[in-house]
> 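Here's a structure for you.
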Number of protein chains: 4
Amino acid sequence: MWGGRFERGPAAIMEEINASIDVDRRLWREDIEGSKAHAAMLAAAKIISDADARAIAKGLDAIAVEIDSGAFAFSKSHEDIHMNVEARLKELVGEPASRLHTARSRNDQVATDFRLYMRRSCDEIAASIRNLQRALVEKAAKHAATVMPGYTHLQIAQPITFGHHCLAYVEMLERDRGRFRDARKRMNECPLGAAALAGVPYPIDRERTAKALKFDRPTANSIDSVSARDFALETLAAAAIAASHLSRLAEEIVLWTSPHFGFAKLTDAFSTGSSIMPQKRNPDAAELCRAKVGRIAGAFHALIIVMKGLPLAYSKDMQEDKAATFAAIDDMALALAAMTGMIGDLVVNETAMREAAMRGYSTATDLADYLVRELGLAFRDAHHATGAIVALAEKKKKRLDQLTLADLRRIEPRIGADAFQRLTVDASVAARASYGGTAPANVAREVKRWQEKLK
Amino acid sequence: MWGGRFERGPAAIMEEINASIDVDRRLWREDIEGSKAHAAMLAAAKIISDADARAIAKGLDAIAVEIDSGAFAFSKSHEDIHMNVEARLKELVGEPASRLHTARSRNDQVATDFRLYMRRSCDEIAASIRNLQRALVEKAAKHAATVMPGYTHLQIAQPITFGHHCLAYVEMLERDRGRFRDARKRMNECPLGAAALAGVPYPIDRERTAKALKFDRPTANSIDSVSARDFALETLAAAAIAASHLSRLAEEIVLWTSPHFGFAKLTDAFSTGSSIMPQKRNPDAAELCRAKVGRIAGAFHALIIVMKGLPLAYSKDMQEDKAATFAAIDDMALALAAMTGMIGDLVVNETAMREAAMRGYSTATDLADYLVRELGLAFRDAHHATGAIVALAEKKKKRLDQLTLADLRRIEPRIGADAFQRLTVDASVAARASYGGTAPANVAREVKRWQEKLK
Amino acid sequence: MWGGRFERGPAAIMEEINASIDVDRRLWREDIEGSKAHAAMLAAAKIISDADARAIAKGLDAIAVEIDSGAFAFSKSHEDIHMNVEARLKELVGEPASRLHTARSRNDQVATDFRLYMRRSCDEIAASIRNLQRALVEKAAKHAATVMPGYTHLQIAQPITFGHHCLAYVEMLERDRGRFRDARKRMNECPLGAAALAGVPYPIDRERTAKALKFDRPTANSIDSVSARDFALETLAAAAIAASHLSRLAEEIVLWTSPHFGFAKLTDAFSTGSSIMPQKRNPDAAELCRAKVGRIAGAFHALIIVMKGLPLAYSKDMQEDKAATFAAIDDMALALAAMTGMIGDLVVNETAMREAAMRGYSTATDLADYLVRELGLAFRDAHHATGAIVALAEKKKKRLDQLTLADLRRIEPRIGADAFQRLTVDASVAARASYGGTAPANVAREVKRWQEKLK
Amino acid sequence: MWGGRFERGPAAIMEEINASIDVDRRLWREDIEGSKAHAAMLAAAKIISDADARAIAKGLDAIAVEIDSGAFAFSKSHEDIHMNVEARLKELVGEPASRLHTARSRNDQVATDFRLYMRRSCDEIAASIRNLQRALVEKAAKHAATVMPGYTHLQIAQPITFGHHCLAYVEMLERDRGRFRDARKRMNECPLGAAALAGVPYPIDRERTAKALKFDRPTANSIDSVSARDFALETLAAAAIAASHLSRLAEEIVLWTSPHFGFAKLTDAFSTGSSIMPQKRNPDAAELCRAKVGRIAGAFHALIIVMKGLPLAYSKDMQEDKAATFAAIDDMALALAAMTGMIGDLVVNETAMREAAMRGYSTATDLADYLVRELGLAFRDAHHATGAIVALAEKKKKRLDQLTLADLRRIEPRIGADAFQRLTVDASVAARASYGGTAPANVAREVKRWQEKLK
């Protein structure tokens with residue numbers, strides 16, 4: 001590639017550390033797409049002839065077929081996907097191939113390919129997130145009024161509805177989707193034409209290539225165009241945050257399907273088992289989803305380190321941007337698809353959830369709120385009185401709704417019989433009808449809003 | 001706080017690990033602001049009396065004065081800023097203080113305070129980024145036509161202009177600013193009223209509190225409201241990426257001020273020195289800016305780990321969200337301010353830059369482009385011919401523009417005398433007038449665009 | 001400090017980013033200890049007079065008293081602990097103070113102080129780990145035969161003993177302790193005398209200072225001495241790994257104390273509660289211990305980023321080595337102490353553990369092993385037969401030990417009545433007497449081994 | 001695998017996320033080695049017959065040949081390397097294959113395989129580090145007296161020798177090697193026989209298997225045996241730290257080969273070039289070595305996240321331990337080999353180094369030390385006087401050794417003519433003969449020590 005100026009070829013270890021074809025071959029579609037747009041623009045701008053542009057386009061199409069069919073022979077000595085394609089093009093179409101590299105360089109070419117790939121990844125991940133949201137909304141629709149315990153510190157705190165719980169994840173995922181959308185929007189500028197780092201002395205039409213490749217506009221600074229990798233970092237950060245959300249949902253599935261909770265089970269489709277312990281439906285897919293945040297956040301960390309302290313413009317360090325990023329994108333896609341499958345697959349045990357929700361004086365707060373609202377106690381005082389009532393119930397080994405009115409009045413004489421209506425789990429969730437609260441009516445309304453939004 | 005139900009107080013080590021007042025005391029403004037808005041809403045919704053709301057507001061204002069003046073006695077036994085303020089309020093205004101906690105819980109309170117703080121941090125960082133952009137644009141305005149070497153692999157590649165180089169950072173920083181804006185927008189929903197996790201059975205007006213605290217709207221799901229920390233993660237990711245950009249600029253300042261480059265110097269205001277080596281103006285501030293990405297990215301990683309696998313809703317782990325985040329925000333602010341100062345302070349040595357730009361056959365690409373454009377060679381062939389010419393120059397120990405026309409024609413007989421005009425560094429940069437290229441005219445135009453935009 | 005060579009003082013922001021006194025003041029003991037050793041060596045080597053050395057030692061002792069008592073006035077304009085101490089020494093003893101800095105520089109001074117601090121931290125953490133191991137061994141001694149479920153995938157797999165479970169953590173912690181010991185050993189070389197980076201032209205006795213400061217030997221290369229921070233990185237890595245172990249034990253405490261498991265409870269000393277939900281003993285300390293790995297691993301990552309790509313010898317970036325490291329060391333110490341307290345505090349519910357261990361056909365493997373050992377079936381065939389037996393039990397809604405011999409023989413006619421002896425949880429754990437297995441006899445033996453070792 | 005208990009097969013996405021064969025197939029040697037040792041022990045303990053053990057060994061040997069030759073057909077439906085091998089063994093030898101899994105489980109099997117792999121990796125990396133150390137020692141031997149500038153803050157500080165600089169890295173690498181040795185030692189215990197998590201009810205001989213596989217001893221606790229991954233974490237931490245050292249050396253090679261330094265050049269074997277810029281020898285391999293710390297530290301981060309908060313014993317999350325770890329080990333090996341090649345390849349420009357060392361009053365400290373040692377000035381006063389002399393030299397635009405004695409005496413009348421002898425770079429480095437100092441004599445002695453040690 002750098003002609004006769006080098007007397008000796010590279011050392012074997014140099015060739016090995018330098019070649020990136022095993023990693024970047026997956027950019028082949030983007031590379032060919034970008035080259036076609038570039039050639040068409042060169043012809044339109046009269047920098048190359050129409051005949052050359054046609055020959056190049058035809059050759060590139062032929063290469064695409066070869067790669068797609070597995071017939072293409074990738075070579076490590078051609079280092080990367082760009083040189084592999086160019087070398088083959090030369091074989092196929094001869095001299096016009098030598099004109100393709102006019103007014104561009106590998107630096108802007110790789111930046112363009114990588115952006116195209118990451119843009120597509122953002123789109124695909126956003127679509128996968130929407131699929132998962134839909135699965136959760138469907139579950140919420142079915143379980144708008146299914147009562148389960150709400151937890152703080154993994155202690156039973158207050159009754160909630162399972163639908164409301166599902167919608168909490170829909171909210172998180174909506175923000176995740178927004179992050180991928182924003183990342184996509186910000187990266188959607190075309191670096192092609194920045195060349196090595198300084199721009200070119202040809203009358204190129206960067207608007208045209210940008211448009212052909214569906215970019216919003218060309219990048220405004222040639223040095224930045226070949227030096228920047230924040231588009232990959234931002235996407236990885238969005239992925240790491242989304243994966244942290246998946247890890248939380250996955251943890252809950254592991255808990256819910258454990259015999260100690262028994263809130264849900266996964267069918268054969270999403271479990272692994274044991275030939276001798278039939279009840280053992282190991283939630284392997286959930287555990288793997290829980291783990292994926294590791295490698296995805298690790299990829300963000302890796303790339304931050306790679307970019308740290310690099311002077312402008314291009315340094316070879318930046319070739320290390322792809323391997324970890326691609327693996328993270330794959331993991332993200334896999335985890336989203338697996339989680340969507342699991343949510344659809346999950347069979348909820350409503351009885352177990354309801355029974356658990358009734359444990360632990362979970363409606364004690366409702367009693368305190370009764371004292372505030374009906375008897376006008378200050379909240380802190382109501383809290384104190386309720387504490388005493390619960391202590392009494394505990395001593396008598398009864399649930400709150402199993403105490404007598406006389407019991408209650410020993411602590412607070414003004415309590416009325418109407419207090420008992422507040423102490424069931426159904427009353428408790430129904431009462432939390434403030435905006436954003438867990439009341440079944442709220443859940444039903446939110447489900448509709450989401451169904452509309454995610455159509 | 002949890003009344004008489006506990007027989008023994010906490011172990012000393014429990015108290016020590018549990019207390020967060022040393023970290024979260026800096027949320028005092030947000031805590032008081034949030035409580036005032038909550039009390040006003042409770043009164044407007046007739047949940048507490050106007051008199052109580054007035055007493056609460058007055059008390060809170062008094063506490064604000066105490067804290068601001070340093071007179072407030074923070075106590076570890078009151079654990080955190082929220083309980084410290086509430087306890088003092090009780091002392092100051094008595095019974096009404098007990099009504100303030102109606103229809104809220106510490107969980108939604110801390111989520112509100114933390115969002116308010118992070119929102120303000122986003123605004124402040126965005127403003128600081130703009131200051132740095134302005135400093136860079138000013139530098140670019142002054143050096144739109146100052147020629148320096150452009151590098152790839154820290155080898156001299158092509159001449160560029162220093163103004164163009166500065167504007168590359170302005171572009172990066174603009175995307176950074178966009179990330180903080182997006183993070184701010186996404187987090188700007190008010191969790192107040194979510195209470196512990198399930199919402200409340202009071203007729204609260206969440207729109208009102210949201211509006212009073214300048215949130216766009218209330219959060220739509222109470223469980224998500226108290227469980228989510230992605231707003232902090234997103235802000236930290238934006239900060240880590242921005243800090244990686246600063247680390248690159250800082251590295252360049254270290255290089256430029258090194259005697260081996262001699263491109264720029266920092267004045268006494270931004271250097272440390274040595275009493276015996278007068279030339280030694282150590283670029284300490286640049287080195288510290290280069291390092292800051294460590295702790296900022298470390299904070300992102302810390303919080304991802306904290307949040308990994310936490311079941312909903314609130315777990316105490318989430319108290320570990322603040323210390324590293326606050327330190328990262330402080331570091332970000334410090335690094336941006338220091339970098340802005342340094343850019344303003346930087347004295348550029350135009351002669352040194354220009355001389356370096358003339359080294360290394362930096363205009364060889366211009367010769368190749370001449371062969372393509374004027375003689376119609378295919379780019380790869382032009383590349384090859386130029387290589388031969390440079391080899392000749394090297395052999396003769398001359399610069400390209402010191403060769404004779406005869407020299408050039410030994411390689412490519414059709415070369416005209418006009419070729420020499422392309423071989424100066426000024427011609428080289430002027431020729432790169434494609435959109436985004438380094439030409440002084442482009443830089444001047446971009447400077448204007450940025451001056452307008454950053455007004 | 002750098003005398004009259006600078007015409008203007010530093011910019012305010014420069015001073016702010018540059019000063020490290022708020023962070024490194026905690027090195028005061030090490031700084032004074034190191035200076036005393038250095039002065040004594042200088043006198044012994046006749047580089048300064050005995051009288052000067054005595055004056056310096058006396059002055060340093062006086063400063064130690066001032067700092068310890070809170071009387072010392074730290075100043076940001078003196079940047080760091082080293083300059084603060086030196087400036088005060090000059091005030092206290094005059095001219096001899098100017099001789100203290102002979103044959104050393106801040107670079108080797110700070111490296112020495114930091115190593116001394118980290119060495120002490122390693123010792124203290126190792127001691128804290130041993131305390132935690134002792135608490136776990138004590139628990140294991142008490143519960144050598146307490147049967148609980150062993151889990152894979154959080155599904156009940158086989159009965160184990162709680163003592164055995166505790167000893168698993170003792171093993172992990174023993175390796176953690178080993179890592180701190182190894183880190184300590186590797187860092188225990190004295191950099192003092194490396195000076196700025198190149199060594200000194202004085203006849204100093206580095207063995208003597210090394211010995212005085214209890215280092216094993218002086219460092220062998222002056223450049224490495226001031227450039228290296230791998231001693232801090234290694235310590236942080238050891239801490240991150242140890243913290244990951246704590247996060248696992250903490251997760252288990254959160255699970256065990258959840259009402260769904262009910263395996264254990266923490267007393268008032270290690271719980272936070274709710275005034276209205278008396279059963280709610282929130283395991284806050286466990287959750288905080290679970291979270292600590294975040295900030296500790298974050299500190300390792302921060303420092304790796306700081307050190308990445310720094311040319312030798314000293315760069316100011318390295319000042320960013322301390323803040324995150326100190327915070328991580330503090331967190332490690334806090335988490336170990338809190339966990340030790342919790343383990344001691346934990347009250348185990350043996351009945352709940354045993355009942356859970358009997359669920360889920362947990363002894364099915366024992367039946368399979370019976371078929372292999374007594375009837376000579378191949379393991380995979382025994383597995384298969386057992387699967388059929390469990391299916392039968394499931395169909396009949398019985399535990400394995402509630403089936404009749406006839407039931408068993410329907411699947412495998414050769415099964416004898418002795419099979420039933422294998423199906424109790426006690427028989428199951430007792431049978432696993434292979435080295436390292438969960439049998440109570442093993443646990444008792446291991447407890448003795450550990451008690452001896454941890455004395 | 002789990003027999004007829006599952007009615008439906010796994011969902012396609014479940015199969016995809018679950019299968020690890022693409023990653024863990026590289027454990028095939030370890031898997032076969034472990035199974036052979038296990039079978040031999042089972043026969044020796046009379047748990048299976050000698051004939052079965054022989055059949056198993058023969059079958060496993062045949063499989064090894066198949067895999068090694070590329071003839072083995074790996075299958076995703078067999079999930080992982082362990083099931084792939086076992087399934088093939090069944091085909092090859094029939095019934096005895098069903099007895100191989102007696103007294104073990106996949107959990108202890110995978111733990112054993114992974115430890116064997118990591119142990120070998122530690123050995124190989126340690127050997128590679130030694131190779132790099134040797135290359136550096138050889139360079140140091142050649143350049144024991146080659147003078148170059150020593151830097152702090154990338155400003156020229158004092159003259160040093162290039163040999164001394166090389167040996168600084170030898171020291172760092174020695175500690176790196178120690179970390180891998182310690183990691184190896186700590187992990188070298190055999191988990192085989194821990195089975196699923198609880199040990200086995202067979203009279204197995206774990207000492208025998210441990211010995212056969214060259215482990216120091218069997219692990220002492222069965223739960224820990226299958227739950228722990230700290231051996232991988234420790235190895236990754238050691239690799240991350242070593243890679244940070246490589247990143248520093250790589251940065252220096254990038255600087256030294258830049259035209260602004262011109263201290264060294266890489267030959268064609270370790271450069272990439274440009275066909276038109278002959279001087280451009282891009283140090284790609286150095287840049288890639290600089291970048292590798294990213295992915296390696298990222299792998300540590302990934303695994304810490306995976307392990308965080310996992311309850312004992314085995315969870316499927318732990319399957320995510322290998323992909324990032326294997327990639328990091330590969331990168332480490334590649335970077336060490338490439339760096340060793342580069343160090344050997346590096347051609348040093350002694351003239352350029354020496355000239356640079358003479359710049360910047362680099363011997364000013366020597367003058368100050370003269371004033372202390374010969375005239376008895378206090379160091380701080382000597383510093384001050386030297387500052388004034390340098391100021392004078394700067395004013396006169398001369399080097400220190402170009403001043404006259406009268407010049408010097410204007411500042412400090414007692415200075416003798418002998419002072420000039422101290423001011424050459426050779427005198428400066430020769431004078432720094434304190435232990436660890438840069439004096440050529442020291443370097444020569446250290447080179448011998450290392451040559452002996454690294455034999």
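What you are looking at is a predicted structure, and each value in this text was computed from that prediction instead of being measured. Note on naming: letters A, B, ... go to the chains in the order of the sequence lines (proteins, then strands), and numbering restarts at 1 for each one.
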> If the condition is side chain to side chain contact (heavy atoms under 4.5 Å, CB included), which residues does C:Asp321 pass it with, not counting sequence neighbours?
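For C:Asp321, the residues satisfying side chain to side chain contact (heavy atoms under 4.5 Å, CB included) (neighbours in sequence not counted) are C:Phe114, C:Arg229, C:Leu303.
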> With a 4.5 Å heavy-atom cut-off (strictly below), which parts of residues 283-290 of chain A touch chain C? List them by number.
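Interface residues of residues 283-290 of chain A: A:Pro283, A:Asp284, A:Glu287.
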> Could you check whether any side-chain N or O of C:Gln402 sits under 3.5 Å from a backbone N or O of C:Arg399, counting only pairs where one atom can act as donor and the other as acceptor?
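Flag set: sc C:Gln402 to bb C:Arg399 pair under 3.5 Å.
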> Evaluate C:Tyr151 against C:His165 for side chain to side chain donor-acceptor pair (under 3.5 Å), listing each step before the verdict.
CA-CA 11 Å; C:Tyr151 298 88; C:His165 195 99; over 6 Å; no
> Side chain, backbone, both or neither: which part of A:Ile389 has a heavy atom under 4.5 Å from chain C?
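Neither; nothing under 4.5 Å.
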> Under 4.0 Å between a Lys/Arg side-chain N and an Asp/Glu carboxylate O for A:Arg432 and A:Asp369?
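Answer for the salt bridge query: yes.
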> Sort by residue number and list every residue of residues 245-255 of chain C having at least one heavy atom under 4.5 Å from chain A.
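Listed by number, the contacting residues are C:Glu251, C:Val254, C:Leu255.
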> Grab the two heavy atoms, one from C:Val293 and one from C:Ser244, that are nearest each other, plus how far apart they are.
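In terms of heavy atoms, the two residues are closest at CG2-N, 3.7 Å.
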> Would C:Asp407 and C:Lys395 count as a salt bridge (charged side-chain N to carboxylate O under 4.0 Å, His left out) here? Give the steps.
CA-CA 12 Å; C:Asp407 288 334; C:Lys395 203 171 146 196; over 6 Å; no
> Could you go step by step and tell me if A:Arg422 and A:Thr363 meet the side chain to side chain contact (heavy atoms under 4.5 Å, CB included) rule?
CA-CA 8 Å; A:Arg422 314 295 173 92; A:Thr363 56; over 6 Å; no
> Ring centroids only, cut at 6.0 angstrom: are A:His260 and C:Phe263 within range, meaning strictly under it?
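Yes - the distance between ring centres of A:His260 and C:Phe263 falls below the 6.0 Å cut-off.
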> Name, in order of residue number, those residues of residues 308-319 of chain C that have a heavy atom at a distance of less than 4.5 Å from a heavy atom in chain A; otherwise write 'none'.
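Answer by number: C:Lys308, C:Leu310.
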> Do A:Arg281 side-chain atoms and A:Lys265 backbone N/O form a donor-acceptor pair below 3.5 Å?
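Absent.
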> Check C:Phe420 against C:Leu408 and note the closest heavy-atom contact, atom names and distance.
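Heavy-atom minimum between the residues: CZ-CD1, 3.6 Å.
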> With side-chain contact (heavy atoms from CB on, under 4.5 Å) as the test, pick out the partner of A:Glu412 among A:Leu371, A:Leu367, A:Thr386, A:Asp381.
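The single option meeting the side-chain contact (heavy atoms from CB on, under 4.5 Å) with A:Glu412 is A:Leu371.
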> Select one option (side chain, backbone, both, neither) describing which atoms of C:Ile304 are under 4.5 Å from chain A's heavy atoms.
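For C:Ile304, side-chain heavy atoms alone lie under 4.5 Å from chain A.
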> For the residue pair A:Ser362 / A:Gln158, report whether a side-chain donor-acceptor contact shorter than 3.5 Å exists.
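Checked: A:Gln158/A:Ser362 side chains show no N/O donor-acceptor pair below 3.5 Å.
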> Taking atom OG of A:Ser271 and atom NE2 of C:His153, what is their separation to the nearest 0.5 Å?
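Between atom OG of A:Ser271 and atom NE2 of C:His153 there are 11.0 Å.
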